[in-house]
Each structure stands twice: as C-alpha cells, then as structure tokens.
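In what follows, a single structure is set out as structure tokens and then discussed.
These numbers were taken from a predicted model, which means no experiment stands behind them. Position 1 is the first residue of the sequence; numbering continues from there.
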Amino acid sequence: DGIATQWIPDPADHTRCLDWTYAELAGTVTRIANALTALGVRRGDAVTLAGASTSMLYAATLAAQAAGIAAPVNPALSGERITELIRRTGSRVLVAAGPELDPQLWPRLLEVARQAGMTAVLALRPDGAHGTPPPLDGHGPLTVAYLDEVIAGQPSGHLAGADLPQADDLAAFVHTGGTTGAPKVAAHTHANQLACARGIAECAGLAPGEAMLGGLPLFHVNALIVTGIAP
C-alpha cells in the first residue's frame, strides 16, 4: 500500500498528484500484460509504445516487458522513421496517445500502424480523464480500442497464458536519437535493466517516502530506468 509512483496531470497545478500504490501498479501492469497476451503478444514479440508520458503509458511499458518486449518510440519522429522501427522490431501491437491526449498525433499513428501492417492499436486517455471518451472509428482489419476497455475483466493477480520472464529474456528495444542517421535499436534483457536500476537505486540513496522527479519522455532510456524502475 506504499506509494510507488506519482503523476502530475496538469503542470500548472503540480501539487495535485495522481498516486499509484505498488499494489495498484502491479495489478494494472498485470491486466495490461494479459490483454496484450490475448491480442497475440508472446515472449519474443515487441509492442510499440508512443505518446505523451502518462501513468498508463508507464504501466503499459512495464506490461509489454512482462508479456513480451517493450519498444518505445519517440512520437516526434517522422512517420517513415516510426514505420521503420516498427518493422525492424517486428511489432504488431501499438499503444498510442489517443485523440484526447494528442489529436494531431493520433491520426498520424493510425496511418503508421496501417502502413506497417500492425494488427491492433490501443488508445491511451489523459491521466484523470472522466466521462465517455470520443468514439474510435472502425479501421477495417486493424483492431482499434481504448486500452482501459481492453483490460477490463482481465485478471490482475497473475499472468494468464504467459510465463514470467527469465533474466536473459529480452525486455526492451530502446532506439537511439538518430542524430547521425537512422535511429538504431538497443536491446535490453531483464537482467540488464534490473542490474542498472539496482545500482542507481543504491547510489542515489533514496529513503522510503522520498521521490525522484522524472522530466524526460518515457521513450527515453533514462526515464524508463533511472527515474522509472530505479526508484
């Protein structure tokens, strides 16, 4: 029941945080992982993630690592570059900022998903969103749905249809910035991430109840490990 992570929906009102306990985070990660498994994601399959940093994008990134391999991408990259990364990692499922989060990015990512031959796109809502979200129009053979709806009814206490990852299993494909050409993909194992995060946590000397502020987007390896998994 301790606080695992906090999110600030509105930077202008930074004292109003969305708190997730460790139990809530673990349960949400497990439900998302089970939904990904139901969509056909297996241990060696990548899941592409793109959008503004939200609590559900963080949980979905961890869930992709629990069921398969997380492949976060910079949404500011061109559609051509994102399509190239999707094809290089073999990803068939995309978790993306929905129309409420980024009305310009959403249609662009849908088109990328079509061009890359993906099978499903799961839309994220803003932190603290209430009410009925805008409808997501049908897109032929591409499954398009809100992540919140897809995980409803999935078990939160265990992985259904998937084994726990092993230390040497791939956890993530994190791309470089591409400043010297096309972005390159760096592969992490679960052991890589845990060793790095544990070392950072030990060196940082954080005490229970203290926080580490993360100001980088979640496609960045620093945000995922240094201010994500480590604290």
Side-chain angles (χ1 to χ4, degrees), residues 1-9 11 14-34 36 41 43 46-75 89 95 124 127-128 147 151 156-159 162-177 183-231:
D1 60 356
I3 301 299
T5 182
Q6 292 180 317
W7 296 82
I8 304 172
H14 63 273
T15 60
R16 185 174 61 86
C17 293
L18 174 66
D19 296 339
W20 285 37
T21 66
Y22 283 95
E24 289 169 339
L25 178 60
T28 302
V29 167
T30 305
R31 284 198 302 273
I32 298 172
N34 288 331
L36 294 174
V41 174
R43 177 63 54 210
V47 176
T48 298
L49 306 105
S53 297
T54 67
S55 60
M56 285 298 283
L57 181 62
Y58 180 59
T61 303
L62 297 181
Q65 298 193 158
I69 304 167
V73 300
N74 181 356
T89 59
V95 179
L124 295 166
D127 281 329
L147 180 62
I151 69 173
S156 62
H158 67 282
L159 291 178
D163 295 326
L164 290 170
Q166 300 299 306
D168 58 353
D169 285 336
L170 288 174
F173 292 135
V174 182
H175 68 77
T176 62
K184 298 170 180 62
V185 175
H188 299 178
T189 66
H190 286 271
N192 289 154
Q193 289 195 348
L194 289 173
C196 185
R198 178 63 182 268
I200 292 165
E202 293 287 349
C203 292
L206 283 180
E210 294 180 336
M212 184 180 290
L213 179 65
L216 289 168
L218 281 172
F219 67 82
H220 198 290
V221 66
N222 189 307
L224 175 59
I225 296 178
V226 178
T227 56
I229 298 174

Search all heavy atoms of Ala67 against all heavy atoms of Ala33 and return the closest pair with its distance. CB-O, 3.8 Å

Of all heavy-atom pairs between Cys17 and Ile8, which one has the smallest distance, and what is that distance? SG-CG1, 4.1 Å

With a 3.5 Å cut-off and sequence neighbours excluded, list the donor-acceptor pairs that the side chains of residues 196-222 form with protein atoms.
unit_1	atom_1	unit_2	atom_2	d
Arg198	NE	Glu202	OE2	2.8
Arg198	NH2	Glu202	OE2	3.1
Glu210	OE1	Ala207	N	2.8
His220	ND1	Asn222	N	3.0

For residues 15-30, which residue pairs pass the salt bridge (Lys or Arg N to Asp or Glu O under 4.0 Å) check, not counting sequence neighbours? Asp13-Arg16

Heavy-atom pair with the smallest gap, counting every atom of Ala46 and Ala71: CB-CB, 4.2 Å

Rounded to the nearest 0.5 Å, how far apart are OG1 of Thr30 and CG of Leu159? 6.0 Å

In short, salt bridge (Lys or Arg N to Asp or Glu O under 4.0 Å) pairs touching residues 48-66 with sequence neighbours left out are none

From Thr189 atom OG1 to Asp169 atom CG, the distance as rounded to the nearest 0.5 Å: 9.0 Å

Shortest non-hydrogen contact from Thr28 toward Ala59: CG2-CB, 4.1 Å

Thr5 side chain vs Trp20 backbone, donor-acceptor pair below 3.5 Å: no

Residue pairs, two or more places apart or on separate chains, that pass salt bridge (Lys or Arg N to Asp or Glu O under 4.0 Å) and touch residues 49-69: none

Pairwise distance CG(Asp168) to NE2(His190) - rounded to 0.5 angstrom: 9.5 Å

Mark yes or no for whether Arg43, through its side chain, and Asp163, through its backbone, hold a donor-acceptor pair below 3.5 Å. yes

Rounded at 0.5 Å granularity, tell me how far CG in Leu49 sits from CG in Leu62. 10.0 Å

Gap separating the CD atom of Gln193 from the CD atom of Gln65, nearest 0.5 angstrom: 4.0 Å

Residues Val95, Met56; criterion side chain to side chain contact (heavy atoms under 4.5 Å, CB included); working and verdict: CA-CA 10 Å; Val95 179; Met56 285 298 283; over 6 Å; no

Nearest heavy-atom pair of Leu18 and Pro9: which atoms, and what distance? N-CD, 4.4 Å

Quick one: which residue pairs count as a side-chain hydrogen bond (donor to acceptor under 3.5 Å, both in side chains) with a foot in residues 46-58, not counting sequence neighbours? Thr48-Ser91, Ser55-Asp127

Side chain to side chain contact (heavy atoms under 4.5 Å, CB included) partners for Ser156, two or more places apart: Arg31

For Ala187 and Leu170, the nearest pair of non-hydrogen atoms, with its separation, is CB-CD2, 3.9 Å

dist His175:NE2 -> Thr89:OG1 (nearest 0.5 Å) comes out at 10.0 Å

